[in-house]
Number of protein chains: 2
Amino acid sequence: MAKSNNNHSTKERILEKAESLFAEKGFHGVSIREITTAAKCNMASVHYHFNSKLNLYLEVFRSRWIPREKQMYDAFLASLEGEEAPEPGKVLTALANSYLKGPMSDEESRRHRQLIVREMQTPTEAFKLAANETLRPLFTTLYNLLKPSLHNGSDGNLTFDIMSIFGITLYLNYSRPMVSQITGKEYDDTFKSLLIDHMVRFSLNGLGS
Amino acid sequence: MAKSNNNHSTKERILEKAESLFAEKGFHGVSIREITTAAKCNMASVHYHFNSKLNLYLEVFRSRWIPREKQMYDAFLASLEGEEAPEPGKVLTALANSYLKGPMSDEESRRHRQLIVREMQTPTEAFKLAANETLRPLFTTLYNLLKPSLHNGSDGNLTFDIMSIFGITLYLNYSRPMVSQITGKEYDDTFKSLLIDHMVRFSLNGLGS
DNA sequence: GTCTATAGCAGGATAGAC
DNA sequence: GTCTATCCTGCTATAGAC
């Protein structure tokens with residue numbers, strides 16, 4: 001299948017550049033030409049390996065996005081060390097560390113979340129994949145972990161709470177340019193850990209626990 | 001300029017359909033053909049009235065998005081009735097009612113927020129316009145209204161808090177399909193007021209006041 | 001498995017009649 | 001101000017050599 005004497009086969013290089021460009025510009029904003037130029041190969045390779053542009057896009061999710069998201073989910077579970085009923089503060093800290101820190105570079109994690117936000121706006125088959133294989137399990141786990149700690153036992157509220165925590169997490173992805181544009185201030189080194197601290201504090205307060 | 005015997009001139013019909021389609025599919029996802037078919041006029045009209053597709057897109061912001069956002073901002077200010085130091089609960093309730101209820105239909109307000117979220121992901125000239133003319137004033141106003149009530153006097157925290165409130169507000173726009181897809185539950189009539197209640201409660205808690 | 005060459009089509013933009 | 005007709009570019013996809 002892959003050329004055996006290459007660290008990164010053409011197929012892998014295409015997937016990598018495709019993910020990066022789709023995240024940055026969206027499906028319709030990128031051409032196959034652009035992808036293959038970046039991947040230093042010919043346009044025809046995309047059709048040889050993936051049949052079509054749309055299928056390349058879906059393959060980005062299948063072979064890169066979903067496995068990466070599952071890794072973060074596993075890291076999240078692992079950092080709770082199988083505790084029966086961890087406190088909400090511990091749950092949210094574990095969540096933030098696994099999903100916002102994790103092993104990825106800033107750029108990689110930014111792209112990762114850009115892809116799913118684009119899918120939320122204009123869902124394709126990829127969103128169903130992501131929802132069923134990663135988002136729903138995470139939601140269910142969070143729901144079960146947080147439910148016992150709430151004095152206010154309304155299920156509906158907790159559902160919305162978790163959606164808001166998702167929202168903050170995704171949205172903070174875009175905060176750096178926004179904060180600069182809107183407040184005029186500049187953030188750099190400390191920005192990431194500030195975001196994580198904020199996310200934990202705000203969400204924990206938001207839950208009302 | 002406009003045909004005087006028409007309630008909605010061709011120019012207006014183009015703007016209206018363009019806004020709707022750009023919101024739904026993004027700039028690159030829509031063709032001029034699609035817009036003019038929906039507006040029941042010919043392709044050449046776009047170039048006659050707007051010179052180019054990009055300029056039509058920008059004009060959607062200039063002549064529709066920004067005035068609408070300003071209306072909501074004014075309604076927000078009006079509902080505070082010039083109080084000196086309203087409590088955070090009152091500020092957030094006014095915010096939610098002006099920005100999430102307001103005079104718009106559900107579909108209209110959904111499109112309104114879709115446009116700005118797309119700009120946050122892939123900013124064009126339109127984002128600068130929106131940031132300078134509407135988002136920054138709103139941010140500054142909220143900052144000044146909320147600052148006196150906080151026991152924790154850190155400026156940086158309040159900046160992030162407001163960004164998170166923006167995030168929740170924008171993200172809840174997409175919640176209905178998300179909640180259904182992820183939880184399997186269905187929401188309908190009561191969904192909107194549930195969202196508003198949730199947004200006020202969660203944000204108020206999040207602020208820690 | 002990767003390349004060149006090209007088919008075939010859809011896109012934005014323009015010219016000019018009315 | 002609105003239309004028809006058309007240009008031309010850039011796109012996806014395919015054929016076929018190596």
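Numbers restart at 1 for each chain; the letters A, B, ... are given by sequence-line order, proteins then strands. When reading the values below, keep in mind they use all heavy atoms of this one structure, side chains included, and skip hydrogens, waters and symmetry mates.
Comparing H47(A) and C41(B) by the nucleotide of DNA chain D that holds the closest heavy atom to each, the one mapping nearer the 5' end is C41(B). Across the interface with DNA chain C, nearest-nucleotide mapping of Y48(A) and N42(A) shows Y48(A) to be the residue nearer the 5′ end.
Rounded to whole angstrom, the span from the CZ atom of F50(B) across to the C1' atom of dG1(D) amounts to 13 Å. To the nearest angstrom, P of dT2(D) lies 7 Å from CZ of R13(B). Remark: P of dT6(D) and CE of M43(B) are 14 Å apart, rounded to the nearest angstrom. Distance CD (E12(A)) to C1' (dT2(C)): 17 Å, rounded to an integer number of Å. Distance CG (N55(A)) to C1' (dA13(D)): 14 Å, rounded to an integer number of Å. Rounded to whole Å, atom C1' of dC3(C) lies 12 Å from atom NE2 of H49(A). Put simply, CD1 on I35(A) is 11 Å from P on dA13(D), counting in whole angstrom units. Atoms CZ (F27(A)) and P (dC11(D)) sit 13 Å apart, rounded to a whole Å.
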- Message: Assess the residue pair R201(B) and D161(A) against the criterion (salt bridge (charged side-chain N to carboxylate O under 4.0 Å, His left out)); give the C-alpha distance rounded to whole Å, side-chain angles, the decisive distance to 0.1 Å, and a yes or no.
- Response: CA-CA 10 Å; R201(B) 180 184 55 78; D161(A) 289 345; 2.9 Å; yes

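Side chains of T124(A) and Y57(A): no donor on one and acceptor on the other come within 3.5 Å. A donor atom on one side chain and an acceptor atom on the other are found under 3.5 Å apart for R118(A) and T122(B).
On a pure distance criterion of 3.5 Å, a polar donor-acceptor pair joins the side chain of R33(B) and the base of dG11(C).
The aromatic ring centres of F160(A) and F202(B) sit 6.0 Å or more apart. Taking the six-membered ring for Trp and the full ring otherwise, the centers of Y171(A) and F166(B) sit at least 6.0 Å from each other.
The T10(B) side chain lies nearest to dT2(D) when the options are dT2(D), dA13(C), dA13(D). With dT2(C), dT2(D), dT4(D) as the choices, the nucleotide that has an atom nearest any side-chain atom of S45(A) turns out to be dT2(C). Here the side chain of K53(A) is nearest to one of dT14(D), dA13(D), dT4(D), namely dA13(D). Here dA13(C) is the nucleotide among dA13(C), dA15(D), dT12(D) with the atom lying nearest to any side-chain atom of S52(B). Considering only the side chain of I32(B), dA13(C) comes nearest among dG1(D), dA13(C), dT4(D).
Here H28(A) does not reach the OP1 or OP2 of dC11(D): none of its side-chain N or O atoms lies under 4.0 Å away. Dashed line: the shortest gap from a side-chain N or O of N51(A) to OP1 or OP2 of dA13(D) is not under 4.0 Å.
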